[in-house]
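Not measured: the values here are computed from a predicted model.
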Amino acid sequence: MALSYLHNTLLLIDDRLGRDAARRLDLAMTGTIGVLIRAKEAELIPAVCSLLEEMRTSGYWLSDDILE
């Protein structure tokens with residue numbers, strides 16, 4: 001977070017408490033899902049849903065709302 005703050009760069013963070021702290025510092029941020037969506041938009045990957053389902057199966061917590 002400190003490097004993002006010092007260099008005014010996009011912060012990659014998924015942790016809720018960390019995201020809350022980043023908001024207080026007014027940092028631009030994205031999470032893993034945001035990176036996957038950008039990769040899909042750039043046509044670097046064919047789909048996001050299958051990757052999210054695989055992440056969830058591997059133990060990464062994702063709500064049903066996110067998957068829908």
Quiz item: Is there side-chain contact between Leu51 and Val48, with heavy atoms separated by less than 4.5 Å?
Solution: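 Not in contact.
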
Report, one line per pair, each donor and acceptor closer than 3.5 Å where one atom sits in a side chain of residues 25-32; sequence neighbours left out.
unit_1	atom_1	unit_2	atom_2	d
Thr32	OG1	Asp14	OD2	2.4

Quiz item: Which residues satisfy the side chain to side chain donor-acceptor pair (under 3.5 Å) test with Arg24, sequence neighbours excluded?
Solution: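 Scan of Arg24 (side chain to side chain donor-acceptor pair (under 3.5 Å), adjacent residues dropped) gives none.
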
Practice problem: May I ask you to check whether over 12 heavy atoms, not counting those of Tyr5, lie within 6.0 Å of atom OH? | Solution: no

Practice problem: Kindly give the heavy-atom pair with the smallest separation between Ser4 and Leu11, and that separation in Å. | Solution: OG-CB, 3.6 Å

For the [atom1] atom of [X] and the [atom2] atom of [Y], what is their distance to the nearest 0.5 Å?
X: Trp61; Y: Arg16; atom1: CH2; atom2: CZ; value: 10.5 Å
X: Ser50; Y: Met55; atom1: OG; atom2: CE; value: 11.5 Å
X: Asp15; Y: Met1; atom1: CG; atom2: CE; value: 8.0 Å

Quiz item: Who else is in Leu44's hydrophobic cluster (ILVMFWY, side-chain heavy atoms under 4.5 Å, direct or via others)?
Solution: none

Practice problem: Under the side-chain contact (heavy atoms from CB on, under 4.5 Å) rule, collect the residues that match up with Thr57, sequence neighbours excluded. | Solution: none

Quiz prompt | With Asp64 via salt bridge (Lys or Arg N to Asp or Glu O under 4.0 Å) - residues at least two apart | solution =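 With neighbours one apart ignored, the set is Arg56.
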
Side chains of residues 33-43: which donor-acceptor pairs under 3.5 Å do they make with residues two or more places apart or in other chains?
unit_1	atom_1	unit_2	atom_2	d
Lys40	NZ	Pro46	O	3.2

Quiz item: Is Leu12 reachable from Leu10 through a run of I, L, V, M, F, W or Y residues, each pair having side-chain heavy atoms under 4.5 Å apart?
Solution: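 The answer is no; the residues belong to distinct hydrophobic clusters.
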
